[in-house]
Amino acid sequence: MRLNENTLLLGKKVVLVPYTAEHVPRYHEWMKSEELQRLTASEPLTLEQEYSMQRSWREDADKCTFIVLDAEKWQARPSTTEDSCMAGDVNLFLTDLRDPSLGEIEVMIAEPSCRGKGFGTEAVLMMMSYGVTKLGLTKFEAKIGQGNEPSIRMFRKLHFEQVAVNSVFQEVTLRLTMNEHERQWLLEQTSHVEEKCYIDGSSESH
């Protein structure tokens, strides 16, 4: 999605930046992990395929992707490179043609040292806020492997409710509908987030 190609979102624990070619080598290394392949239901790709995927995600109007950076490491720039701050990614898929107000959300904290610190929770909240305010979304779904208890617990804490179980794919579907109360709660949870302009691995305030 080109809408967010110049958008940086600065939170307390994480920074969200567009997925660029600079991020692909680190992302490719992550996805060699059999654990991550299982948790994300992904097949291993070659590096060239990964670059092609990055380009298509940037162009496709129905996919919004941010790379999740460790905010503490990122604040230490320029003494550290952006790819060394990478923690994972967060995605919105707008693939239900019958309902353009529905987004499927997924998050992956791939860097082991970044897990268990609340990075995923803040990244999801920031992405949901972006979806509500910039993309006009009012409903979110998360499809999670049945064995991924930490992720299921996280989404439940964020007010998602389980609506379906697919025993064939061994995944559960959780959903959140943004009524006015939920919308206000979400905007309060993300009121600290700053939006900045992202240019080639750097940022400047709007």
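- One finds the CD atom of E182 at 11.0 Å from the CG atom of L187 (value rounded to the nearest 0.5 Å).
- You'll find the side chain of L10 reaches within 4.5 Å of the side chain of W74, heavy atoms only.
- The heavy-atom pair separating C114 from D70 by the smallest distance is SG-OD2, 4.3 Å.
- Separation of atoms CH2 (W185) and NE2 (H159) is listed at 4.0 Å; rounding is to 0.5 Å.
- The closest donor-acceptor contact from the side chain of R58 to the backbone of Y19 lies at 3.5 Å or more, if one exists at all.
- The neighbour count for E161 CD, taken as heavy atoms of other residues, nucleotides or ligands under 6.0 Å away, does not exceed 12.
- Here the closest non-hydrogen pair linking E22 and D83 is OE2-N, 4.1 Å.
- Distance alone, capped at 3.5 Å, is enough to place a donor-acceptor pair between the T46 side chain and the Q49 backbone.
- Side-chain atoms of Q162 never come within 3.5 Å of backbone atoms of V172 as a donor-acceptor pair (strictly under, hydrogens ignored).
- If you take OH on Y130 and CD1 on I105, they are separated by 13.0 Å, rounding to the nearest 0.5 Å.
- Within the 3.5 Å criterion, the main-chain N or O of T81 finds a donor-acceptor partner in the side chain of S84.
- Residues L158 and L125 form a side-chain contact, since some pair of their non-hydrogen atoms from C-beta on lies under 4.5 Å apart.
- By the 4.5 Å heavy-atom criterion applied to side chains, F140 and S101 are not counted as neighbours.
- No continuous path of hydrophobic side-chain contacts links V15 to V107 [ILVMFWY only; heavy atoms under 4.5 Å].
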Exercise. Start with the C-alpha distance between E104 and L92, add both sets of side-chain angles, then the distance that settles side chain to side chain contact (heavy atoms under 4.5 Å, CB included), and finish with yes or no.
Key: CA-CA 5 Å; E104 181 182 336; L92 271 176; over 6 Å; no
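- Listed by first and then second residue, the salt bridge (charged side-chain N to carboxylate O under 4.0 Å, His left out) pairs that reach into residues 136-155 are D99-K139, E141-R175, sequence neighbours excluded.
- Residues E72 and K117 are not paired through a salt bridge, judged by the lack of any N-O separation under 4.0 Å between the basic side chain and the carboxylate.
- At a threshold of 4.5 Å between non-hydrogen side-chain atoms, the residues R156 and L174 count as touching.
- In terms of modelled atom types and a separation under 3.5 Å, the side chain of E171 and the main chain of N166 share no donor-acceptor contact.
- If you take CG on N6 and SG on C197, they are separated by 5.0 Å, rounding to the nearest 0.5 Å.
- Counting only N and O atoms by type, the side chains of Q184 and E180 include a donor and acceptor under 3.5 Å apart.
- The nearest pair of heavy atoms linking Y51 to A21 is CE2-O, 3.6 Å.
- Between L94 and M1, the shortest heavy-atom contact is CD1-CE, 3.7 Å.
- At least one side-chain heavy atom of M154 sits under 4.5 Å from a side-chain heavy atom of V124.
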Exercise. List the steps and the verdict of side chain to side chain contact (heavy atoms under 4.5 Å, CB included) for L69 and V17.
Key: CA-CA 8 Å; L69 306 179; V17 298; 3.8 Å; yes
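- In this structure, the side chains of S56 and E59 stay at 4.5 Å or more apart for every pair of heavy atoms.
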Quiz item: Going through the checks in order, is the side chain to side chain contact (heavy atoms under 4.5 Å, CB included) test met by L176 and M128?
Solution: CA-CA 10 Å; L176 173 61; M128 285 169 53; 3.4 Å; yes
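- Side-chain heavy atoms closer than 4.5 Å link hydrophobic residues (I, L, V, M, F, W, Y) into clusters, and following such links, even through other members, never connects I67 to I109.
- Counted by atom type alone, D89 and Y27 present one or more donor-acceptor pairs between their side chains at under 3.5 Å.
- Residue W30 comes nearest to G88 through the heavy atom pair CH2-N, 3.2 Å, listed as atom of the first residue, atom of the second, then distance.
- With hydrogens and angles ignored, the 3.5 Å screen pairs no side-chain donor or acceptor of N4 with any backbone N or O of T7.
- Put simply, the side chain of S191 gets close to the backbone of E188: a donor and an acceptor are under 3.5 Å apart.
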Exercise. Decide side chain to side chain contact (heavy atoms under 4.5 Å, CB included) for S129 and V193; before the verdict, give the C-alpha distance in whole Å, the side-chain angles of both, and the deciding distance to 0.1 Å.
Key: CA-CA 10 Å; S129 177; V193 176; over 6 Å; no
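- Side-chain contact, N91 with E106: a donor N or O sits under 3.5 Å from an acceptor N or O.
- Expressed to the nearest 0.5 Å, how far CE of M108 lies from CZ of R115 amounts to 9.0 Å.
- Note: L186 CG to R183 CZ = 8.5 Å, rounded to the nearest 0.5 Å.
- Other residues sharing a hydrophobic cluster with F93 under the 4.5 Å side-chain heavy-atom criterion for ILVMFWY residues are L45, M53, W57.
- Hydrophobic clustering (ILVMFWY, side-chain heavy atoms < 4.5 Å, transitive): F66 and L3 are in one cluster.
- Within the 3.5 Å criterion, the main-chain N or O of R98 finds a donor-acceptor partner in the side chain of D96.
- Considering only heavy atoms from C-beta on, M126 stays 4.5 Å or farther from V90 through its side chain.
- When only modelled atom types and interatomic distance are considered, Q54 and H23 share no side-chain donor-acceptor pair under 3.5 Å.
- Taking every heavy atom of both residues into account, H192 and Q189 meet most closely at CE1-O, 3.2 Å.
- With contacts defined as side-chain heavy-atom distances shorter than 4.5 Å, the pair L102/L137 does not qualify.
- Here E5 pairs with R2 in a salt bridge; the nearest charged N to carboxylate O distance falls below 4.0 Å.
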